[in-house]
Trainee: 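Could you have a look at this structure, given as structure tokens, before my questions?
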Amino acid sequence: MKTILSSDTMDIPDGVKIKVKAKMIEVEGPRGKLSRNFKHLNLDFQLTTDEETGKKKLKVDAWFGSRKTTASIRTALSHVSNLIKGVTQGYRYKMRFVYAHFPINASISGNGKAIEIRNFLGEKKVRKVDMLDGVSIVRSEKVKDELVLDGNDIELVSRSAALINQKCHVKNKDIRKFLDGIYVSEKGAIAIEE
């Protein structure tokens, strides 16, 4: 069954500028600018102003949509709210080293743009992971064996964390026993912590 019109709106906070042009959404805030392409979704995006409060809103419509199309409205709004949170607060992922015997040794190179992992399970191989654009990595000063990844785009920050995690997979061993690796321990916004 198709619904004639299903729509949803979200408030745009103060200090954030949003541009909508042909399903390309650009969000600008105090931390920078992010954009996202929604051309693959069969939705209409509009910027409207609330008559009573005068606040700007983003309205998403799906005309004659199936259940899947209707579900994608909320998905699109969640993506936009992630962009807004990114340009206002920023995202921070924390990762911890886990080892039983051989201490993992990590050095950050390229001014926080890459990390080199040594002595993983005692291996001589040097594993180098480059961060994606706009993501910086630092060693935590207060906590031992912790990495902190910061950035504005949640997708790039989480993908950088995934790349580090995937570099430290244990091969040819029983993974229930060999739990060594670098794992994400915490996800959140930068502004909340500081």
Trainee: Would you check if Ile115 and Ile164 make a side-chain contact, meaning some heavy-atom pair closer than 4.5 Å?
Mentor: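 In contact.
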
Trainee: Identify the two heavy atoms, one from Val157 and one from Tyr93, that lie closest to each other, and give their separation to 0.1 Å.
Mentor: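 It is CG1-CD1, 3.6 Å.
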
Trainee: Looking only at heavy atoms, what is the nearest atom pair of Met131 and Ser160, with distance?
Mentor: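 For Met131 versus Ser160, the nearest heavy atoms are SD-CB, 3.8 Å.
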
Trainee: Once rounded to the nearest 0.5 Å, what's the spacing between atom OG of Ser81 and atom CG of Leu58?
Mentor: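 Taking OG in Ser81 and CG in Leu58, the distance rounds to 10.5 Å.
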
Trainee: Using side-chain heavy atoms (C-beta onward) and a distance below 4.5 Å, is Ile84 in contact with Pro13?
Mentor: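 Yes, their side chains come closer than 4.5 Å.
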
Trainee: Within the 4.5 Å heavy-atom criterion, are Ser35 and Ile25 side-chain neighbours or not?
Mentor: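 Ser35 vs Ile25: side chains apart.
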
Trainee: May I ask whether Leu43 and Trp63 are part of the same hydrophobic cluster, defined by side-chain heavy atoms of I, L, V, M, F, W, Y residues being less than 4.5 angstrom apart, directly or through others?
Mentor: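 In one cluster with Leu43: Trp63, no.
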
Trainee: Kindly say whether Val135 contributes a backbone atom to a donor-acceptor pair with the side chain of Lys113 at under 3.5 angstrom?
Mentor: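 Yes, because the side chain of Lys113 sits within donor-acceptor range (under 3.5 Å) of the backbone of Val135.
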
Trainee: Indicate yes or no: at least one non-hydrogen side-chain atom of Leu149 is less than 4.5 angstrom from one of Met95.
Mentor: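 Yes; the side chains approach each other to less than 4.5 Å.
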
Trainee: Looking only at heavy atoms, which two atoms of Gly15 and Pro30 are closest? And how far apart?
Mentor: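 Taking Gly15 first and Pro30 second, the nearest heavy atoms are O-CD, 3.8 Å.
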
Trainee: Any luck finding a side-chain donor-acceptor pair between Asp153 and Tyr91 under 3.5 Å?
Mentor: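 Asp153 vs Tyr91: no donor-acceptor pair found between side chains.
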
Trainee: Looking only at the aromatic ring of each residue, does the gap between the centers of Phe102 and Phe120 stay below 6.0 angstrom?
Mentor: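 They do not qualify: ring centres at least 6.0 Å apart.
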
Trainee: Check for a donor-acceptor pair, side chain of Lys23 on one end and backbone N or O of Leu41 on the other, with a separation under 3.5 Å.
Mentor: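 Pair found, side chain donor or acceptor close to backbone of Leu41.
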
Trainee: Taking Glu146 first and then Lys142, would you say they form a salt bridge - that is, a charged N and a carboxylate O separated by under 4.0 Å?
Mentor: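 Answer for the salt bridge query: no.
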
Trainee: Identify the heavy atoms of Ser109 and Lys128 that sit nearest to each other, and give their distance.
Mentor: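 So the two residues come closest at OG-CE, 4.4 Å.
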
Trainee: In terms of hydrophobic clusters joined by side-chain contacts under 4.5 Å, are Ile104 and Tyr183 together?
Mentor: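 Unlinked, Ile104 and Tyr183 end up in two clusters.
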
Trainee: Please report the interatomic distance CG(Leu132) to CG(Asp130), rounded to the nearest 0.5 Å.
Mentor: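 Output value for this atom pair is 9.0 Å.
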
Trainee: Taking only Lys NZ, Arg NE, NH1 and NH2, and the carboxylate oxygens of Asp or Glu, determine whether Asp50 and Lys55 approach each other closer than 4.0 Å.
Mentor: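 Not counted as a salt bridge, because no side-chain N and carboxylate O are separated by less than 4.0 Å.
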
Trainee: Report, as yes or no, whether the 6.0 Å neighbourhood of atom CG on Asp133 holds more than 12 heavy atoms from other residues, nucleotides or ligands.
Mentor: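 Check fails, neighbour count at 12 or below.
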
Trainee: Would you name the heavy atoms of Lys33 and Glu28 that are closest together and state the gap between them?
Mentor: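 Smallest heavy-atom distance, with atoms named: CE-OE1, 3.6 Å.
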
Trainee: Using a 3.5 Å distance criterion without hydrogens, assess whether the side chain of Asp150 forms a donor-acceptor pair with backbone atoms of Arg92.
Mentor: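 Checked: no pair found.
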
Trainee: Does atom CG of Leu5 have more than 12 heavy-atom neighbours, drawn from other residues, nucleotides or ligands, at distances under 6.0 Å?
Mentor: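 Atom CG in Leu5 is crowded, with more than 12 foreign heavy atoms closer than 6.0 Å.
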
Trainee: Out of curiosity, Lys56 NZ to Thr9 OG1, how far, rounded to the nearest 0.5 Å?
Mentor: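 The distance works out to 15.0 Å.
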
Trainee: Quick check on Lys177: does its NZ atom have over 12 non-hydrogen neighbours (other residues, nucleotides or ligands) under 6.0 Å away?
Mentor: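 12 or below, so no.
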
Trainee: Do NZ/NE/NH1/NH2 and the carboxylate oxygens of Glu155 and Arg36 come within less than 4.0 Å?
Mentor: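 Salt bridge between Glu155 and Arg36, a charged N being under 4.0 Å from a carboxylate O: yes.
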
Trainee: Answer yes or no: is there a side-chain heavy-atom contact under 4.5 Å between Val16 and Val27?
Mentor: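 In contact.
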
Trainee: Closer than 3.5 angstrom, by distance alone: can the side chain of Asn165 be matched with the main-chain N or O of Ile182 as a donor-acceptor pair?
Mentor: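 It does hold such a pair.
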
Trainee: Just checking Asn37: does its CG atom have more than 12 heavy atoms from other residues, nucleotides or ligands closer to it than 6.0 angstrom?
Mentor: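 It does: Asn37 CG has more than 12 such atoms within range.
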
Trainee: Establish whether Leu147 and Leu156 are linked, either directly or via other cluster members, by ILVMFWY side-chain heavy-atom contacts under 4.5 Å.
Mentor: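 Shared cluster, yes.
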
Trainee: Do Val20 and Leu34 belong to the same hydrophobic cluster, where Ile, Leu, Val, Met, Phe, Trp and Tyr are linked whenever their side-chain heavy atoms lie under 4.5 Å apart, directly or via other members?
Mentor: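 Same cluster.
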
Trainee: Using a 6.0 Å cut-off, check whether atom NE2 of His40 has over 12 heavy atoms from anything other than its own residue.
Mentor: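 Yes, NE2 of His40 has more than 12 neighbouring heavy atoms, counting only those of other groups under 6.0 Å.
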
Trainee: Under 3.5 Å, side chain of Arg139 to main-chain N/O of Ala106, donor-acceptor pair present?
Mentor: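 Indeed, once roles are kept as given, a pair shorter than 3.5 Å links the two residues.
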
Trainee: When clusters are formed by joining ILVMFWY residues with side-chain heavy atoms under 4.5 Å apart, either directly or through shared neighbours, do Ile154 and Leu77 land in the same one?
Mentor: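 As far as the 4.5 Å side-chain criterion goes, Leu77 and Ile154 are not connected within one cluster.
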
Trainee: So, do Leu47 and Ile18 sit near enough that their side-chain heavy atoms are less than 4.5 Å apart?
Mentor: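 A side-chain contact exists here, since the closest heavy-atom pair is under 4.5 Å.
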
Trainee: Could you report the tightest heavy-atom contact between Gly32 and Val87, atom names first, then the distance?
Mentor: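 Smallest interatomic distance, heavy atoms only, reads O-CG1, 3.4 Å.
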
Trainee: Could you check if a side-chain atom of Ser7 sits within less than 4.5 angstrom of a side-chain atom of Val60, using non-hydrogen atoms only?
Mentor: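 Side chain of Ser7 against side chain of Val60, heavy atoms only: no contact under 4.5 Å found.
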
Trainee: Nearest 0.5 Å, please: how far is CZ in Phe64 from OG1 in Thr70?
Mentor: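 With rounding to 0.5 Å, OG1 (Thr70) is 12.0 Å from CZ (Phe64).
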
Trainee: Asp180 vs His101, test: side-chain contact (heavy atoms from CB on, under 4.5 Å). Steps then yes/no.
Mentor: CA-CA 9 Å; Asp180 295 31; His101 188 275; over 6 Å; no

Trainee: Can you measure from OG (Ser72) to CZ (Arg67) and round to the nearest 0.5 angstrom?
Mentor: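 One gets 13.0 Å once the value is rounded to the nearest 0.5 Å.
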
Trainee: Would you find a donor on one side and an acceptor on the other, under 3.5 Å apart, between the side chain of Asp61 and the backbone of Phe45?
Mentor: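 Side chain of Asp61 to backbone of Phe45, a donor-acceptor pair under 3.5 Å: no, none is there.
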
Trainee: Hey, are the side chains of Phe38 and Met24 touching, using non-hydrogen atoms and a 4.5 Å cut-off?
Mentor: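 Result no, sub-4.5 Å side-chain heavy-atom pair not found.
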
Trainee: Let me see the working for Asn152 and Arg31 under side-chain contact (heavy atoms from CB on, under 4.5 Å), right down to the final yes or no.
Mentor: CA-CA 7 Å; Asn152 290 354; Arg31 287 181 60 87; 2.8 Å; yes

Trainee: Do Thr69 and Ser66 pair up side chain to side chain, a donor and an acceptor below 3.5 Å, judged on atom types alone?
Mentor: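 Result is yes, a qualifying pair exists.
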
Trainee: Would you mind checking if Glu116 and Arg118 are paired as a salt bridge, meaning a charged N to carboxylate O distance below 4.0 Å?
Mentor: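 A salt bridge links Arg118 with Glu116.
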
Trainee: What's the separation between atom CZ in Arg96 and atom CD in Glu186, rounded to the nearest 0.5 Å?
Mentor: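 So the CZ of Arg96 and the CD of Glu186 are separated by 10.0 Å.
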
Trainee: Can you check whether Gly112's main-chain N or O pairs, donor with acceptor, with Ser136's side chain at less than 3.5 Å?
Mentor: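 Not confirmed, Ser136 side chain does not pair with Gly112 backbone.
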
